[in-house]
Trainee: 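Please see the structure below; I have some questions.
Atom set for the values below is all heavy atoms of this structure, side chains included, hydrogens, waters and symmetry mates excluded. Since this is a predicted model, take the numbers as computed values, not measurements. Numbers here simply count residues along the sequence, with the first being 1.
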Amino acid sequence: MYRLSQLFVTLFAVALSTGLQGQQVTARVAGLESNAKYMSLLEQEQRLHRTEDSVVQVINDTRKLFTAETTDSEKEQLGTKILQLEKELFEIRNQQGVTANEIGAIEQDFILKNLNGTAENPAAAGTPAPAGGKQTPNLVYNVYFKENLSEQDYKALRHAQELEPLPLKLLGTYLENYRKADSLATLYDTTANKTLAEETYAQLESIGSLNRALSDSLSHVWNYIYDNKTYAYNYLLDKMGKNEMLDKFGTQFRNNRQQIAAMQDSVASETVYGYPLNKRLLLGYEEALAGILGYTAARDSVNKQAEIFGKLHYDLPKIAPKERIFIEYADIERASPSKYNASNPIPEMEVYRQGTVYRIQLGAFTQKQAVSLFKGVYPLCYEKSEDGKFRYFAGAFRDAAAADAGLAKLKSMGFRKPEIVVWRDGRFEIPGETGGEGTAGELSTLYRVEIAGQGETISEAIKEVTDSQAAGKELSRATNNDGSYLYSIGNFDSKEAADSLCRAINAVSQGSATVLALDY
């Protein structure tokens, strides 16, 4: 293993040197040089990339040793080391993703804040365009546009300009929500906590709904701006005879449309993705007009915006994690005393919207049953079906083979007709039957005698009756919700036998016994 040891010594040395000898990083966005957190993240990103390259190199070298090795023991050790290295590489790449997201968030926030400052309308709404040769940095407020457009078209152009800051505000909120959703999606995909996963998924759906509304608002506002501005600019360029320029912008418009259409199925929002593309096209119009008309202040303002918008790209992937279903599978066991009681009753069954779960039906009853009926079996659950019956189920199995083993176990415990049932994506089925949803099949009826009004021990008079008329039958006691006790004796194959015992008990206990029919 000398060669393998040497490889890891090399990896350690390379990792140490990359931590000490990184190249000087420079801000990717001018103006962020003084942001200490941003510069630190850039350095961290650089270190992670160097470490990634080193680990990849050692993995490749180790794989070569693995291929050439003939000794089984050393081959096994090499394979183990490769798996360890691949896990390390996975973690490094996860860290790279987190770091890249943080860097991107700082850059986007900085760009949007600066862009808001340059895009704000410097003149209040309703302020007339400057007279004579006086210029304003806001292109559409220069006199040429007022003089060469109809009053209605110029009014629409001015309103479009006044709306320009709004898409940026909508976009800023959308991006903030997106970053939250991205973080939540990672948490949702990795957590093993069912409650946390469900809460996280609900938050993801809420944020998704908000961002869809923001995207719709952005589309509405931006379309108004874009349509009114391009209409006015095309009219003026046509009036000037700038056909070649119009053809150029028309080609760019078609290219943008094709590019956006090609990405619509892979990006989070077609509108958000297309906004900077079409905004750059609009700025191209404005730069051309400012140059033709000699509006140098407006041209400088437009060029500054074009520089910023050139750095905006929103090819944000869709965030739509597949809903996770936490099915709690459990084999059947028998507990004494029963795990269920008045303070811990048998729970209602959970129906999972996705996934498959097998259970074993123990019986269907006209009312809820005492836990003693089920002989300490765990876990149990029940559902109230459409016919009003309470159906009780044992276990929760991943497949039919596990359910078959549970069925055999229940039969060995004395359950007469347990039956396997299954739910697939929330639909109830009985294995072997067709037609999807169904009932629990043919049920046989048994009978039990229930006795109320007794204390912690049953009266001697009743005990004598049960010993003589129900010898060998199971006598069990359950605690009701009010703290009183309920005794039951059974099971009886015929109603006549149960009625006979009931009459005998009532004769000595003043009507405390009743007969209960059980559908198994």
Trainee: Hey, what do you get for NZ (K64) to OG1 (T67), rounding to the nearest 0.5 Å?
Mentor: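 Going from the NZ atom of K64 to the OG1 atom of T67 covers 10.0 Å.
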Trainee: Main chain of L380, side chain of Y340: is a donor-acceptor contact present, judged purely on distance under 3.5 Å?
Mentor: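 A pair under 3.5 Å: yes.
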Trainee: Identify, with sequence neighbours excluded, every residue that meets side chain to side chain contact (heavy atoms under 4.5 Å, CB included) alongside S459.
Mentor: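 Here the qualifying residues are Q454, A461, I462.
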Trainee: Verify the ring-centre separation between W423 and Y352: is it less than 6.0 angstrom?
Mentor: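 Between W423 and Y352, which both carry aromatic rings, the centre distance is not below 6.0 Å.
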Trainee: Kindly compute the distance separating CZ (F374) from CD (Q369), expressed to the nearest 0.5 Å.
Mentor: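 CD of Q369 is found 5.5 Å from CZ of F374.
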Trainee: Between E333 and K339, does at least one N-O distance fall below 4.0 Å, as a salt bridge requires?
Mentor: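 Counted as a salt bridge, because a side-chain N and a carboxylate O are separated by less than 4.0 Å.
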Trainee: Would the distance check show the side chain of R334 and the main-chain N or O of K375 forming a donor-acceptor pair, the cut-off being under 3.5 Å?
Mentor: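 Such a contact is found between R334 side chain and K375 backbone.
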Trainee: Quick check: closest heavy atoms across M413 and I332, and the distance to 0.1 Å?
Mentor: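 Closest heavy-atom pair between M413 and I332: CE-CG2, 4.2 Å.
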Trainee: Give a yes or no on whether a salt bridge exists between D331 and K409, defined as a side-chain N under 4.0 angstrom from a carboxylate O.
Mentor: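 Yes, D331 and K409 are salt-bridged.
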Trainee: For the residue pair Y178 and Y174, categorise the inter-ring angle as parallel (less than 30°), tilted (30 to 60°) or perpendicular (more than 60°).
Mentor: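 Y178 vs Y174 ring planes: parallel.
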Trainee: S500 side chain to E496 main-chain N or O, any donor-acceptor pair under 3.5 Å?
Mentor: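 Not at all, since once roles are kept as given, no pair shorter than 3.5 Å links the two residues.
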Trainee: Using a 4.5 Å cut-off on heavy atoms from C-beta on, say whether the side chain of L486 contacts that of E450.
Mentor: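 E450 reaches L486 side chain to side chain.
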Trainee: Kindly write out the residues that satisfy side-chain hydrogen bond (donor to acceptor under 3.5 Å, both in side chains) with Y38, not counting sequence neighbours, or none if the list is empty.
Mentor: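 In terms of side-chain hydrogen bond (donor to acceptor under 3.5 Å, both in side chains), with neighbours along the sequence ignored, Y38 is linked to E107.
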Trainee: I'd like to check I360 versus V421 (side-chain heavy atoms, cut-off strictly below 4.5 Å). Are they in contact?
Mentor: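 No, their side chains stay 4.5 Å or more apart.
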Trainee: State, with a plain yes or no, whether a side-chain heavy atom of L184 is found less than 4.5 Å away from one of Y201.
Mentor: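 No; the side chains remain at least 4.5 Å from each other.
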Trainee: Does the side chain of I420 come within less than 4.5 Å of Y358's, by heavy atoms?
Mentor: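 With C-beta onward as the side chain, the pair touches.
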Trainee: Indicate whether the side chain of N193 and that of T191 have a donor and an acceptor atom separated by less than 3.5 Å.
Mentor: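 On atom types as modelled, these side chains do not qualify, holding no pair under 3.5 Å.
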Trainee: Taking all atoms of both residues into account, what is the closest heavy-atom pair of I505 and S512, and its distance?
Mentor: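 Answer, listing the atom of I505 first, then S512: CG2-OG, 4.4 Å.
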Trainee: What are the two closest non-hydrogen atoms of C502 and V515, and how far apart are they?
Mentor: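 Distance-wise, the nearest heavy atoms are CB-CG2, 3.7 Å.
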Trainee: For R424, which residues count as a salt bridge (Lys or Arg N to Asp or Glu O under 4.0 Å) partner, sequence neighbours excluded?
Mentor: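 Salt bridge (Lys or Arg N to Asp or Glu O under 4.0 Å) list for R424, sorted by chain: E429.
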Trainee: Who passes salt bridge (Lys or Arg N to Asp or Glu O under 4.0 Å) against R63, sequence neighbours left out?
Mentor: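 Partners of R63 under the salt bridge (Lys or Arg N to Asp or Glu O under 4.0 Å) test: E86.
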Trainee: Check whether any side-chain heavy atom of I82 lies under 4.5 Å from a side-chain heavy atom of F66, and answer yes or no.
Mentor: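 Sidechains of F66 and I82: in contact.
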Trainee: Counting heavy atoms not belonging to K194, are there more than 12 under 6.0 Å from its NZ?
Mentor: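 Yes - once you tally the heavy atoms of other residues, nucleotides and ligands closer than 6.0 Å, there are more than 12.
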Trainee: Could you go step by step and tell me if N506 and S509 meet the side-chain contact (heavy atoms from CB on, under 4.5 Å) rule?
Mentor: CA-CA 5 Å; N506 284 335; S509 64; 4.2 Å; yes
Trainee: Run the numbers on V422 and F428 for side-chain contact (heavy atoms from CB on, under 4.5 Å), then give the verdict.
Mentor: CA-CA 6 Å; V422 60; F428 174 73; over 6 Å; no
Trainee: Okay, side chain of N177, backbone of N211: is any donor-acceptor separation there less than 3.5 Å?
Mentor: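 Between the backbone of N211 and the side chain of N177 there is no qualifying donor-acceptor contact (under 3.5 Å).
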Trainee: Could you report the tightest heavy-atom contact between I92 and L48, atom names first, then the distance?
Mentor: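 Here I92 and L48 meet closest at CG2-O, 3.8 Å.
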Trainee: Going from CD on Q57 to OG1 on T62, what distance comes out if it is rounded to the nearest 0.5 angstrom?
Mentor: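 Going from the CD atom of Q57 to the OG1 atom of T62 covers 10.0 Å.
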Trainee: Under a 4.5 Å cut-off applied to non-hydrogen side-chain atoms, are V267 and K318 in contact?
Mentor: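 Not in contact.
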Trainee: Holding to salt bridge (Lys or Arg N to Asp or Glu O under 4.0 Å), I want the full list of residues that pass it with K463, two or more places apart in sequence or in another chain.
Mentor: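 D467.
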Trainee: On a heavy-atom basis, which atom in L501 and which in A470 lie closest, and how many Å separate them?
Mentor: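 Minimum heavy-atom contact is CD2-CB, 3.9 Å.
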Trainee: Does S468 use its side chain to pair, donor to acceptor, with the backbone of E464 at less than 3.5 Å?
Mentor: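 Yes; at least one donor-acceptor contact below 3.5 Å.
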Trainee: Could you walk me through whether R448 and F492 pass the side-chain contact (heavy atoms from CB on, under 4.5 Å) check?
Mentor: CA-CA 6 Å; R448 293 180 73 85; F492 295 91; 5.8 Å; no
Trainee: Is there a side-chain contact between I260 and N278, using heavy atoms and a 4.5 Å cut-off?
Mentor: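 Contact flag for I260/N278 side chains = yes.
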Trainee: Can you see whether F365 has K389 sitting over its ring - NZ or CZ less than 6.0 Å from the centre and within 45° of the normal?
Mentor: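 Because its charged atom misses either the 6.0 Å distance or the 45° angle limit, K389 does not stack over F365.
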Trainee: How many angstroms lie between atom NE2 of H220 and atom CG of L170, to the nearest 0.5 angstrom?
Mentor: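 Here the rounded value is 11.0 Å.
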Trainee: Nearest 0.5 angstrom please: K384 NZ to Q367 CD, how far?
Mentor: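 With rounding to 0.5 Å, NZ (K384) is 11.0 Å from CD (Q367).
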Trainee: Test your reading of the model: is there a side-chain donor-acceptor pair from S217 to the backbone of A213, 3.5 Å cut-off?
Mentor: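 It does hold such a pair.
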Trainee: Below 4.0 angstrom, N of the basic side chain to O of the carboxylate: do K37 and E43 qualify?
Mentor: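 Answer for the salt bridge query: no.
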Trainee: Any chance the rings of Y382 and Y392 have centres within less than 6.0 Å?
Mentor: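 Distance test on ring centres: under 6.0 Å, yes.
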Trainee: Are any non-hydrogen side-chain atoms of Y378 and S338 less than 4.5 angstrom apart?
Mentor: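 The answer is no; the side chains never approach within 4.5 Å.
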Trainee: Is it true that the side chains of Q44 and T99 contain a donor and an acceptor less than 3.5 Å apart?
Mentor: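 Looking only at side-chain atoms, T99 and Q44 do form a donor-acceptor pair, the distance falling under 3.5 Å.
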Trainee: To the nearest 0.5 Å, how far apart are CD1 in I327 and OG1 in T356?
Mentor: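 Going from CD1 on I327 over to OG1 on T356, the span is 7.0 Å.
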Trainee: Go through it in stages, so that I can follow the logic: the residues are M349 and R359, the test is side-chain contact (heavy atoms from CB on, under 4.5 Å), and I'd like the CA-CA distance, side-chain angles, deciding distance and then a yes or no.
Mentor: CA-CA 10 Å; M349 185 187 70; R359 301 186 191 274; 3.5 Å; yes
Trainee: Looking at residues at least two apart in the chain, or sitting in another chain, which of them share a side-chain hydrogen bond (donor to acceptor under 3.5 Å, both in side chains) with S372?
Mentor: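 So S372 forms a side-chain hydrogen bond (donor to acceptor under 3.5 Å, both in side chains) with S476.
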Trainee: Could you pull out the closest heavy-atom pair between F397 and G406, with the gap in Å?
Mentor: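 Reported closest heavy-atom pair: CZ-CA, 4.1 Å.
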Trainee: Is the backbone of K169 close enough, under 3.5 Å, to the side chain of T173 for a donor and an acceptor to pair up by distance?
Mentor: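 Side chain of T173 to backbone of K169: a pair is present.
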Trainee: Would you say the side-chain atoms of Q203 and Y188 include a donor-acceptor pair closer than 3.5 Å?
Mentor: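 Short answer, no.
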